[in-house]
Protein chains: 2
Amino acid sequence: MRSYDEYCAAARALDVVGDRWTLLIVRELALQGPCRYTDLRNGLPGIATNLLAQRLRELERAGVVAREEAPPPIATTLFRLTARGEELRPVLAELVRWGMPLMTEPRPADAVRSRWLAWALEFMLTDRDPARPPTVIELRTGDEQIAVEAGGGAVHVRLARAEHPDVTLSGPPMPIMGVVLGLLDVAAAGSHGVTIDGDPRALARVGGPGAPAAPADVI
Amino acid sequence: MRSYDEYCAAARALDVVGDRWTLLIVRELALQGPCRYTDLRNGLPGIATNLLAQRLRELERAGVVAREEAPPPIATTLFRLTARGEELRPVLAELVRWGMPLMTEPRPADAVRSRWLAWALEFMLTDRDPARPPTVIELRTGDEQIAVEAGGGAVHVRLARAEHPDVTLSGPPMPIMGVVLGLLDVAAAGSHGVTIDGDPRALARVGGPGAPAAPADVI
DNA sequence: CAGCATCCGCTTTGATACTG
DNA sequence: CAGTATCAAAGCGGATGCTG
(Lines give C-alpha, C1' and ligand atoms only; values in the text may rest on other atoms or scores of the structure.)
Protein backbone atom coordinates (compact mmCIF):
# COMPACT_ATOMS: atom_id res chain seq x y z
CA MET A 1 0.00 0.00 0.00
CA ARG A 2 1.09 3.44 -0.68
CA SER A 3 1.89 5.28 2.53
CA TYR A 4 -0.42 7.97 3.82
CA ASP A 5 2.69 10.01 4.65
CA GLU A 6 1.30 11.26 7.93
CA TYR A 7 3.10 11.46 11.25
CA CYS A 8 0.09 9.93 13.00
CA ALA A 9 -0.04 6.63 14.88
CA ALA A 10 -3.30 5.56 13.24
CA ALA A 11 -2.07 6.38 9.76
CA ARG A 12 1.20 4.53 10.33
CA ALA A 13 -0.72 1.52 11.61
CA LEU A 14 -2.87 1.61 8.49
CA ASP A 15 0.27 1.86 6.36
CA VAL A 16 1.01 -1.65 7.65
CA VAL A 17 -2.39 -3.32 8.07
CA GLY A 18 -4.71 -1.06 6.05
CA ASP A 19 -4.42 -2.93 2.78
CA ARG A 20 -7.28 -5.01 1.49
CA TRP A 21 -7.25 -8.54 3.00
CA THR A 22 -4.39 -7.77 5.40
CA LEU A 23 -6.38 -7.65 8.64
CA LEU A 24 -8.35 -10.71 7.61
CA ILE A 25 -5.10 -12.62 7.14
CA VAL A 26 -4.13 -11.57 10.67
CA ARG A 27 -7.58 -12.71 11.82
CA GLU A 28 -7.00 -16.19 10.40
CA LEU A 29 -3.60 -16.47 12.02
CA ALA A 30 -5.05 -15.23 15.31
CA LEU A 31 -7.89 -17.77 15.15
CA GLN A 32 -6.04 -20.76 13.76
CA GLY A 33 -2.62 -20.29 15.26
CA PRO A 34 0.39 -21.27 13.12
CA CYS A 35 -0.92 -22.66 9.87
CA ARG A 36 -0.12 -23.49 6.28
CA TYR A 37 -0.66 -21.39 3.18
CA THR A 38 -3.50 -23.69 2.22
CA ASP A 39 -5.20 -23.27 5.60
CA LEU A 40 -5.04 -19.53 5.18
CA ARG A 41 -6.58 -19.75 1.73
CA ASN A 42 -9.38 -21.86 3.08
CA GLY A 43 -10.11 -19.25 5.74
CA LEU A 44 -10.07 -16.42 3.19
CA PRO A 45 -12.53 -17.46 0.50
CA GLY A 46 -12.20 -15.25 -2.55
CA ILE A 47 -8.62 -14.08 -2.06
CA ALA A 48 -6.40 -14.31 -5.12
CA THR A 49 -3.46 -16.56 -4.44
CA ASN A 50 -0.91 -14.07 -5.69
CA LEU A 51 -2.38 -11.49 -3.34
CA LEU A 52 -2.10 -13.80 -0.35
CA ALA A 53 1.53 -14.49 -1.18
CA GLN A 54 2.24 -10.79 -1.58
CA ARG A 55 0.51 -9.83 1.69
CA LEU A 56 2.37 -12.52 3.61
CA ARG A 57 5.64 -11.15 2.28
CA GLU A 58 4.69 -7.62 3.33
CA LEU A 59 3.54 -8.74 6.79
CA GLU A 60 6.77 -10.65 7.24
CA ARG A 61 8.80 -7.58 6.34
CA ALA A 62 6.74 -5.52 8.78
CA GLY A 63 7.48 -7.98 11.58
CA VAL A 64 3.84 -9.02 12.02
CA VAL A 65 4.13 -12.53 10.59
CA ALA A 66 6.96 -15.06 10.72
CA ARG A 67 7.40 -18.04 8.49
CA GLU A 68 9.09 -21.20 9.68
CA GLU A 69 9.96 -24.40 7.90
CA ALA A 70 8.40 -27.16 9.98
CA PRO A 71 10.62 -30.24 10.28
CA PRO A 72 9.37 -33.68 9.25
CA PRO A 73 6.90 -35.27 9.64
CA ILE A 74 5.09 -31.99 8.88
CA ALA A 75 7.63 -30.83 6.30
CA THR A 76 5.82 -27.69 5.24
CA THR A 77 5.96 -23.95 5.69
CA LEU A 78 4.07 -22.61 8.67
CA PHE A 79 2.99 -19.01 9.03
CA ARG A 80 2.41 -17.57 12.48
CA LEU A 81 1.95 -14.22 14.20
CA THR A 82 4.97 -12.68 15.89
CA ALA A 83 4.63 -11.05 19.32
CA ARG A 84 4.04 -7.79 17.48
CA GLY A 85 1.36 -9.47 15.40
CA GLU A 86 -0.36 -10.84 18.50
CA GLU A 87 -0.69 -7.24 19.67
CA LEU A 88 -3.18 -6.71 16.87
CA ARG A 89 -5.74 -8.83 18.75
CA PRO A 90 -7.26 -5.84 20.55
CA VAL A 91 -7.70 -4.06 17.22
CA LEU A 92 -9.51 -7.08 15.82
CA ALA A 93 -11.57 -7.38 18.99
CA GLU A 94 -12.86 -3.80 18.69
CA LEU A 95 -13.54 -4.32 15.01
CA VAL A 96 -15.62 -7.39 15.84
CA ARG A 97 -17.56 -5.55 18.50
CA TRP A 98 -18.32 -2.77 16.05
CA GLY A 99 -19.21 -5.18 13.28
CA MET A 100 -21.59 -7.39 15.29
CA PRO A 101 -24.70 -5.27 14.58
CA LEU A 102 -23.99 -5.74 10.88
CA MET A 103 -24.41 -9.50 11.29
CA THR A 104 -28.20 -9.11 11.47
CA GLU A 105 -28.48 -8.07 7.83
CA PRO A 106 -29.00 -11.23 5.76
CA ARG A 107 -26.67 -11.83 2.84
CA PRO A 108 -27.10 -15.39 1.65
CA ALA A 109 -24.02 -15.36 -0.58
CA ASP A 110 -21.69 -14.93 2.39
CA ALA A 111 -19.15 -17.61 3.17
CA VAL A 112 -19.42 -19.03 6.69
CA ARG A 113 -16.77 -20.48 8.98
CA SER A 114 -17.70 -21.66 12.42
CA ARG A 115 -14.56 -20.20 13.89
CA TRP A 116 -15.69 -16.70 12.90
CA LEU A 117 -18.98 -17.20 14.67
CA ALA A 118 -17.37 -18.74 17.74
CA TRP A 119 -14.88 -15.89 17.91
CA ALA A 120 -17.61 -13.26 17.79
CA LEU A 121 -19.66 -15.06 20.43
CA GLU A 122 -16.61 -15.21 22.70
CA PHE A 123 -16.61 -11.40 22.77
CA MET A 124 -20.32 -10.87 23.07
CA LEU A 125 -21.73 -13.52 25.40
CA THR A 126 -22.05 -13.20 29.15
CA ASP A 127 -23.24 -15.63 31.80
CA ARG A 128 -26.62 -14.27 32.87
CA ASP A 129 -27.07 -16.53 35.88
CA PRO A 130 -23.68 -17.32 37.43
CA ALA A 131 -25.20 -18.97 40.53
CA ARG A 132 -26.76 -21.86 38.62
CA PRO A 133 -24.81 -25.00 37.68
CA PRO A 134 -22.94 -24.90 34.35
CA THR A 135 -24.88 -24.94 31.09
CA VAL A 136 -23.67 -26.27 27.73
CA ILE A 137 -25.14 -25.22 24.38
CA GLU A 138 -24.14 -26.85 21.11
CA LEU A 139 -24.43 -24.98 17.81
CA ARG A 140 -24.52 -26.79 14.49
CA THR A 141 -24.03 -24.25 11.74
CA GLY A 142 -21.18 -23.54 9.40
CA ASP A 143 -18.43 -26.11 8.88
CA GLU A 144 -17.82 -27.28 12.46
CA GLN A 145 -19.66 -27.71 15.74
CA ILE A 146 -19.49 -24.99 18.36
CA ALA A 147 -19.68 -25.65 22.10
CA VAL A 148 -20.86 -22.77 24.29
CA GLU A 149 -20.11 -23.42 27.95
CA ALA A 150 -21.45 -21.06 30.64
CA GLY A 151 -20.62 -21.42 34.31
CA GLY A 152 -19.50 -19.41 37.30
CA GLY A 153 -19.94 -16.08 35.53
CA ALA A 154 -17.81 -16.96 32.51
CA VAL A 155 -18.70 -18.14 29.01
CA HIS A 156 -16.30 -20.19 26.90
CA VAL A 157 -16.83 -20.86 23.22
CA ARG A 158 -14.88 -23.70 21.60
CA LEU A 159 -14.76 -25.34 18.21
CA ALA A 160 -15.66 -28.86 19.29
CA ARG A 161 -18.54 -31.22 19.87
CA ALA A 162 -20.14 -30.69 23.23
CA GLU A 163 -20.11 -33.75 25.48
CA HIS A 164 -23.58 -33.53 27.01
CA PRO A 165 -25.24 -30.35 25.74
CA ASP A 166 -28.32 -29.09 27.56
CA VAL A 167 -29.61 -27.88 24.21
CA THR A 168 -28.51 -28.12 20.57
CA LEU A 169 -29.33 -25.58 17.85
CA SER A 170 -29.12 -26.52 14.17
CA GLY A 171 -29.85 -24.35 11.16
CA PRO A 172 -28.64 -21.30 9.21
CA PRO A 173 -26.00 -19.07 10.86
CA MET A 174 -27.95 -15.85 11.17
CA PRO A 175 -30.98 -16.98 13.16
CA ILE A 176 -28.76 -19.21 15.30
CA MET A 177 -26.61 -16.23 16.23
CA GLY A 178 -29.81 -14.30 16.89
CA VAL A 179 -31.12 -16.91 19.29
CA VAL A 180 -27.86 -17.34 21.21
CA LEU A 181 -27.41 -13.59 21.58
CA GLY A 182 -30.98 -13.27 22.78
CA LEU A 183 -32.03 -11.03 19.92
CA LEU A 184 -34.33 -13.55 18.26
CA ASP A 185 -37.16 -15.07 20.22
CA VAL A 186 -36.83 -18.81 20.76
CA ALA A 187 -40.44 -19.32 19.72
CA ALA A 188 -39.85 -17.50 16.43
CA ALA A 189 -36.61 -19.33 15.63
CA GLY A 190 -38.40 -22.32 14.12
CA SER A 191 -39.84 -20.25 11.30
CA HIS A 192 -36.27 -19.19 10.44
CA GLY A 193 -35.16 -22.77 9.99
CA VAL A 194 -33.69 -23.35 13.44
CA THR A 195 -34.15 -26.77 15.01
CA ILE A 196 -33.92 -26.97 18.79
CA ASP A 197 -33.09 -30.23 20.56
CA GLY A 198 -33.09 -30.45 24.35
CA ASP A 199 -34.16 -27.87 26.90
CA PRO A 200 -34.82 -24.44 25.31
CA ARG A 201 -34.69 -22.80 28.74
CA ALA A 202 -30.94 -23.41 28.76
CA LEU A 203 -30.66 -20.70 26.08
CA ALA A 204 -31.62 -18.04 28.63
CA ARG A 205 -28.36 -18.74 30.44
CA VAL A 206 -26.29 -16.63 28.03
CA GLY A 207 -26.94 -13.42 26.14
CA GLY A 208 -25.35 -10.51 24.31
CA PRO A 209 -25.32 -6.81 25.30
CA GLY A 210 -28.45 -5.83 23.40
CA ALA A 211 -30.62 -8.67 24.62
CA PRO A 212 -33.80 -8.14 26.63
CA ALA A 213 -33.83 -9.19 30.28
CA ALA A 214 -34.92 -12.81 29.93
CA PRO A 215 -35.72 -13.70 26.33
CA ALA A 216 -36.28 -17.42 26.67
CA ASP A 217 -38.66 -17.04 29.59
CA VAL A 218 -41.28 -15.97 27.07
CA ILE A 219 -41.82 -19.61 26.16
CA MET B 1 -15.30 -1.29 -1.64
CA ARG B 2 -16.16 -4.62 -2.89
CA SER B 3 -17.59 -6.81 -0.13
CA TYR B 4 -15.55 -9.67 1.32
CA ASP B 5 -18.73 -11.74 1.27
CA GLU B 6 -18.05 -13.33 4.64
CA TYR B 7 -20.49 -13.85 7.47
CA CYS B 8 -17.93 -12.53 9.96
CA ALA B 9 -18.22 -9.46 12.15
CA ALA B 10 -14.70 -8.25 11.34
CA ALA B 11 -15.18 -8.71 7.61
CA ARG B 12 -18.51 -6.89 7.68
CA ALA B 13 -16.92 -4.05 9.62
CA LEU B 14 -14.17 -3.83 7.03
CA ASP B 15 -16.80 -3.83 4.29
CA VAL B 16 -17.82 -0.46 5.75
CA VAL B 17 -14.59 1.11 7.02
CA GLY B 18 -11.89 -0.93 5.29
CA ASP B 19 -11.51 1.26 2.24
CA ARG B 20 -8.48 3.43 1.80
CA TRP B 21 -8.88 6.79 3.64
CA THR B 22 -12.14 5.79 5.30
CA LEU B 23 -10.87 5.31 8.85
CA LEU B 24 -8.77 8.45 8.55
CA ILE B 25 -11.89 10.42 7.63
CA VAL B 26 -13.54 9.03 10.75
CA ARG B 27 -10.43 10.03 12.70
CA GLU B 28 -10.74 13.62 11.54
CA LEU B 29 -14.41 13.78 12.44
CA ALA B 30 -13.65 12.21 15.82
CA LEU B 31 -10.87 14.71 16.52
CA GLN B 32 -12.41 17.86 15.07
CA GLY B 33 -16.08 17.29 15.75
CA PRO B 34 -18.59 18.49 13.14
CA CYS B 35 -16.65 20.20 10.38
CA ARG B 36 -16.73 21.36 6.80
CA TYR B 37 -15.54 19.57 3.69
CA THR B 38 -12.60 21.96 3.56
CA ASP B 39 -11.61 21.22 7.15
CA LEU B 40 -11.62 17.52 6.38
CA ARG B 41 -9.42 18.04 3.35
CA ASN B 42 -6.97 20.00 5.45
CA GLY B 43 -6.79 17.14 7.93
CA LEU B 44 -6.25 14.56 5.18
CA PRO B 45 -3.30 15.82 3.16
CA GLY B 46 -2.97 13.96 -0.12
CA ILE B 47 -6.56 12.77 -0.49
CA ALA B 48 -8.09 13.32 -3.92
CA THR B 49 -11.11 15.57 -3.59
CA ASN B 50 -13.39 13.25 -5.56
CA LEU B 51 -12.39 10.41 -3.26
CA LEU B 52 -13.29 12.41 -0.16
CA ALA B 53 -16.72 13.19 -1.63
CA GLN B 54 -17.27 9.55 -2.54
CA ARG B 55 -16.21 8.26 0.89
CA LEU B 56 -18.47 10.75 2.65
CA ARG B 57 -21.40 9.54 0.57
CA GLU B 58 -20.60 5.92 1.40
CA LEU B 59 -20.21 6.67 5.11
CA GLU B 60 -23.49 8.57 5.05
CA ARG B 61 -25.24 5.60 3.46
CA ALA B 62 -23.71 3.29 6.06
CA GLY B 63 -25.06 5.46 8.87
CA VAL B 64 -21.60 6.44 10.16
CA VAL B 65 -21.63 10.08 9.04
CA ALA B 66 -24.47 12.60 8.85
CA ARG B 67 -24.49 15.81 6.92
CA GLU B 68 -26.41 18.85 8.08
CA GLU B 69 -26.94 22.22 6.49
CA ALA B 70 -25.81 24.74 9.09
CA PRO B 71 -28.02 27.84 9.26
CA PRO B 72 -26.59 31.36 8.85
CA PRO B 73 -24.21 32.82 9.83
CA ILE B 74 -22.29 29.61 9.14
CA ALA B 75 -24.30 28.74 6.03
CA THR B 76 -22.33 25.69 5.03
CA THR B 77 -22.56 21.94 5.06
CA LEU B 78 -21.30 20.29 8.23
CA PHE B 79 -20.27 16.66 8.42
CA ARG B 80 -20.40 14.86 11.74
CA LEU B 81 -20.24 11.37 13.19
CA THR B 82 -23.52 9.70 14.05
CA ALA B 83 -23.89 7.72 17.29
CA ARG B 84 -22.89 4.67 15.29
CA GLY B 85 -19.87 6.53 13.99
CA GLU B 86 -18.84 7.52 17.51
CA GLU B 87 -18.72 3.85 18.36
CA LEU B 88 -15.69 3.57 16.08
CA ARG B 89 -13.61 5.47 18.65
CA PRO B 90 -12.46 2.29 20.43
CA VAL B 91 -11.33 0.86 17.10
CA LEU B 92 -9.29 3.98 16.40
CA ALA B 93 -7.94 3.94 19.95
CA GLU B 94 -6.58 0.42 19.56
CA LEU B 95 -5.15 1.28 16.18
CA VAL B 96 -3.33 4.23 17.72
CA ARG B 97 -1.96 2.10 20.54
CA TRP B 98 -0.68 -0.41 18.03
CA GLY B 99 0.73 2.28 15.76
CA MET B 100 2.63 4.23 18.42
CA PRO B 101 5.83 2.17 18.16
CA LEU B 102 5.91 3.01 14.46
CA MET B 103 6.18 6.69 15.32
CA THR B 104 9.85 6.27 16.24
CA GLU B 105 10.93 5.58 12.68
CA PRO B 106 11.82 8.91 11.09
CA ARG B 107 10.11 9.84 7.82
CA PRO B 108 10.76 13.51 7.15
CA ALA B 109 8.20 13.75 4.33
CA ASP B 110 5.29 13.03 6.68
CA ALA B 111 2.61 15.65 7.18
CA VAL B 112 2.14 16.70 10.80
CA ARG B 113 -0.94 17.94 12.64
CA SER B 114 -0.74 18.77 16.30
CA ARG B 115 -4.13 17.19 16.91
CA TRP B 116 -2.79 13.81 15.82
CA LEU B 117 0.09 14.08 18.29
CA ALA B 118 -2.17 15.31 21.10
CA TRP B 119 -4.60 12.48 20.45
CA ALA B 120 -1.87 9.85 20.62
CA LEU B 121 -0.44 11.34 23.82
CA GLU B 122 -3.90 11.27 25.39
CA PHE B 123 -3.88 7.48 25.05
CA MET B 124 -0.29 6.87 26.08
CA LEU B 125 0.57 9.26 28.92
CA THR B 126 0.09 8.55 32.60
CA ASP B 127 0.68 10.68 35.67
CA ARG B 128 3.78 9.16 37.28
CA ASP B 129 3.59 11.08 40.53
CA PRO B 130 -0.08 11.73 41.42
CA ALA B 131 0.73 13.02 44.91
CA ARG B 132 2.64 16.07 43.68
CA PRO B 133 0.91 19.32 42.71
CA PRO B 134 -0.23 19.60 39.06
CA THR B 135 2.34 19.97 36.29
CA VAL B 136 1.84 21.68 32.91
CA ILE B 137 3.98 20.98 29.86
CA GLU B 138 3.68 22.94 26.63
CA LEU B 139 4.66 21.42 23.30
CA ARG B 140 5.42 23.57 20.28
CA THR B 141 5.55 21.34 17.24
CA GLY B 142 3.25 20.92 14.28
CA ASP B 143 0.65 23.54 13.47
CA GLU B 144 -0.71 24.33 16.95
CA GLN B 145 0.39 24.42 20.57
CA ILE B 146 -0.29 21.44 22.80
CA ALA B 147 -0.89 21.69 26.55
CA VAL B 148 -0.17 18.57 28.61
CA GLU B 149 -1.65 18.85 32.10
CA ALA B 150 -0.88 16.20 34.72
CA GLY B 151 -2.45 16.17 38.17
CA GLY B 152 -4.17 13.87 40.63
CA GLY B 153 -3.34 10.76 38.64
CA ALA B 154 -4.79 11.97 35.34
CA VAL B 155 -3.21 13.49 32.26
CA HIS B 156 -5.13 15.78 29.92
CA VAL B 157 -3.87 16.85 26.53
CA ARG B 158 -5.46 19.86 24.85
CA LEU B 159 -4.87 21.86 21.70
CA ALA B 160 -4.28 25.23 23.30
CA ARG B 161 -1.60 27.50 24.72
CA ALA B 162 -0.74 26.59 28.28
CA GLU B 163 -1.23 29.41 30.78
CA HIS B 164 1.83 28.98 32.97
CA PRO B 165 3.74 25.93 31.74
CA ASP B 166 6.39 24.45 34.00
CA VAL B 167 8.36 23.59 30.90
CA THR B 168 8.05 24.21 27.16
CA LEU B 169 9.44 21.97 24.41
CA SER B 170 9.99 23.27 20.90
CA GLY B 171 11.33 21.43 17.88
CA PRO B 172 10.62 18.61 15.43
CA PRO B 173 7.71 16.27 16.24
CA MET B 174 9.59 12.98 16.63
CA PRO B 175 12.12 13.89 19.31
CA ILE B 176 9.49 15.90 21.16
CA MET B 177 7.21 12.85 21.31
CA GLY B 178 10.23 10.83 22.42
CA VAL B 179 11.00 13.17 25.30
CA VAL B 180 7.39 13.43 26.51
CA LEU B 181 6.91 9.67 26.40
CA GLY B 182 10.16 9.17 28.30
CA LEU B 183 11.83 7.24 25.49
CA LEU B 184 14.39 9.90 24.62
CA ASP B 185 16.72 11.18 27.27
CA VAL B 186 16.28 14.85 28.11
CA ALA B 187 20.01 15.42 27.91
CA ALA B 188 20.12 13.95 24.40
CA ALA B 189 17.10 15.89 23.13
CA GLY B 190 19.13 19.00 22.33
CA SER B 191 21.13 17.22 19.68
CA HIS B 192 17.84 16.27 17.99
CA GLY B 193 16.79 19.90 17.68
CA VAL B 194 14.64 20.15 20.80
CA THR B 195 14.73 23.38 22.78
CA ILE B 196 13.73 23.18 26.44
CA ASP B 197 12.52 26.26 28.31
CA GLY B 198 11.71 26.07 32.01
CA ASP B 199 12.25 23.25 34.45
CA PRO B 200 13.28 20.00 32.68
CA ARG B 201 12.45 18.00 35.82
CA ALA B 202 8.77 18.63 35.12
CA LEU B 203 9.09 16.23 32.18
CA ALA B 204 9.52 13.29 34.58
CA ARG B 205 5.94 13.84 35.73
CA VAL B 206 4.44 12.01 32.73
CA GLY B 207 5.49 9.00 30.69
CA GLY B 208 4.36 6.32 28.30
CA PRO B 209 4.15 2.56 28.85
CA GLY B 210 7.62 1.73 27.57
CA ALA B 211 9.46 4.41 29.52
CA PRO B 212 12.16 3.64 32.09
CA ALA B 213 11.39 4.34 35.74
CA ALA B 214 12.56 7.93 35.99
CA PRO B 215 14.07 9.18 32.74
CA ALA B 216 14.54 12.85 33.59
CA ASP B 217 16.18 12.11 36.92
CA VAL B 218 19.29 11.24 34.96
CA ILE B 219 20.05 14.91 34.56
C1' DC C 1 -14.66 30.26 -1.81
C1' DA C 2 -17.06 25.63 -0.60
C1' DG C 3 -18.36 21.39 -2.51
C1' DC C 4 -18.22 18.78 -5.56
C1' DA C 5 -17.97 16.07 -10.88
C1' DT C 6 -15.11 14.66 -14.90
C1' DC C 7 -11.25 13.02 -17.21
C1' DC C 8 -6.99 10.41 -17.66
C1' DG C 9 -2.78 7.79 -16.52
C1' DC C 10 -1.18 4.72 -13.20
C1' DT C 11 -1.46 1.16 -9.56
C1' DT C 12 -3.86 -2.43 -7.26
C1' DT C 13 -6.84 -6.22 -7.33
C1' DG C 14 -9.24 -10.43 -9.23
C1' DA C 15 -9.47 -14.56 -11.91
C1' DT C 16 -7.27 -18.11 -13.94
C1' DA C 17 -3.52 -20.83 -15.60
C1' DC C 18 0.67 -22.82 -14.69
C1' DT C 19 5.08 -24.78 -11.99
C1' DG C 20 8.92 -26.74 -8.75
C1' DC D 1 1.72 -27.60 -1.13
C1' DA D 2 3.18 -23.19 -1.98
C1' DG D 3 3.51 -20.44 -4.64
C1' DT D 4 4.62 -17.48 -9.80
C1' DA D 5 2.84 -15.55 -14.33
C1' DT D 6 -0.39 -13.24 -17.00
C1' DC D 7 -3.91 -10.10 -18.14
C1' DA D 8 -8.40 -7.75 -17.65
C1' DA D 9 -11.06 -4.86 -14.53
C1' DA D 10 -11.51 -1.86 -10.84
C1' DG D 11 -9.71 1.62 -7.80
C1' DC D 12 -6.81 5.55 -6.87
C1' DG D 13 -4.17 10.09 -7.55
C1' DG D 14 -3.73 14.37 -9.68
C1' DA D 15 -5.35 17.97 -12.51
C1' DT D 16 -8.96 20.66 -14.02
C1' DG D 17 -13.49 22.61 -14.53
C1' DC D 18 -18.10 23.56 -12.96
C1' DT D 19 -21.79 25.53 -9.92
C1' DG D 20 -24.11 28.04 -6.12
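Chain letters run A, B, ... following the sequence lines, proteins first and then strands; every chain starts at 1. Computed from a prediction, not measured in an experiment: that's the story for all the values here.
Under the 3.5 Å distance criterion, the side-chain polar atoms of A:Y7 are matched with a main-chain donor or acceptor of B:M103. Remark: the backbone N or O of B:L78 is not paired with any side-chain donor or acceptor of B:R67 at under 3.5 angstrom. Remark: the backbone N or O of A:Q145 is not paired with any side-chain donor or acceptor of A:R140 at under 3.5 angstrom. B:D143 places a side-chain N or O within 3.5 Å of a backbone atom of B:S114 that can act as its donor or acceptor partner. Panel note: side chain A:T82, backbone A:V64; a donor-acceptor pair is recorded below 3.5 Å.
Residue B:Q54 contributes atom CD, which lies 16 Å from atom P of D:dG14 at whole-angstrom precision. Distance A:R41 CZ to D:dT4 P: 13 Å, rounded to the nearest Å. Look at CG on B:L52: it is 12 Å from P on D:dG13, rounded to the nearest Å. Rounded to an integer number of Å, the gap from CG of A:L51 to P of D:dA9 is 18 Å. For the pair A:D39 CG and D:dG3 C1', the interatomic distance rounds to 15 Å; values are reported in whole Å.
One end of the helix from C:dC1-D:dG20 to C:dG20-D:dC1 points its axis 30° away from the other end's axis, with each axis taken from 5 pairs and the angle rounded to 10°.
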Exercise. Which nucleotides of nucleotides 15-20 of chain D have their base under 4.0 Å from a protein heavy atom (B), which only their sugar-phosphate (S), and which neither (-), written as one string 5' to 3'?
Worked result: -B----
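Listed by first and then second residue, the salt bridge (Lys or Arg N to Asp or Glu O under 4.0 Å) pairs that reach into residues 154-182 of chain A are A:E149-A:R158, sequence neighbours excluded.
The nucleotide range of DNA chain C contacted by chain B, defined by atoms under 4.0 angstrom from heavy atoms of the protein and reported 5' to 3', is C:dA2 to C:dA15.
Side-chain contact check for A:T49 and A:Y37: at least one donor-acceptor pair (N or O, by modelled atom type) lies under 3.5 Å.
Interatomic distance, CG of A:D5 versus CG of A:D15, reported as 7.5 Å (0.5 Å rounding). Atom CZ of B:R27 and atom CG of B:L81 lie 12.5 Å apart (nearest 0.5 Å).
For A:R55, no side-chain nitrogen or oxygen approaches OP1 or OP2 of D:dG3 to under 4.0 Å.
Electrostatic pairing of B:E68 and B:R80 counts as a salt bridge here, judged by a charged N lying under 4.0 Å from a carboxylate O. Using a cutoff of 4.0 Å between basic side-chain nitrogens and carboxylate oxygens, A:E94 and A:R97 are scored as salt-bridged.
Applying the salt bridge (Lys or Arg N to Asp or Glu O under 4.0 Å) test to A:R20 and every residue at least two apart in sequence or in another chain returns nothing.
A cation-pi arrangement is present between B:R84 and A:W98 under the rule of less than 6.0 angstrom and at most 45 degrees off the ring axis.
For DNA chain D, the residues of residues 8-25 of chain B within the heavy-atom distance limit of 4.0 Å (strictly under) are B:D19, B:R20, B:W21, sorted by number.
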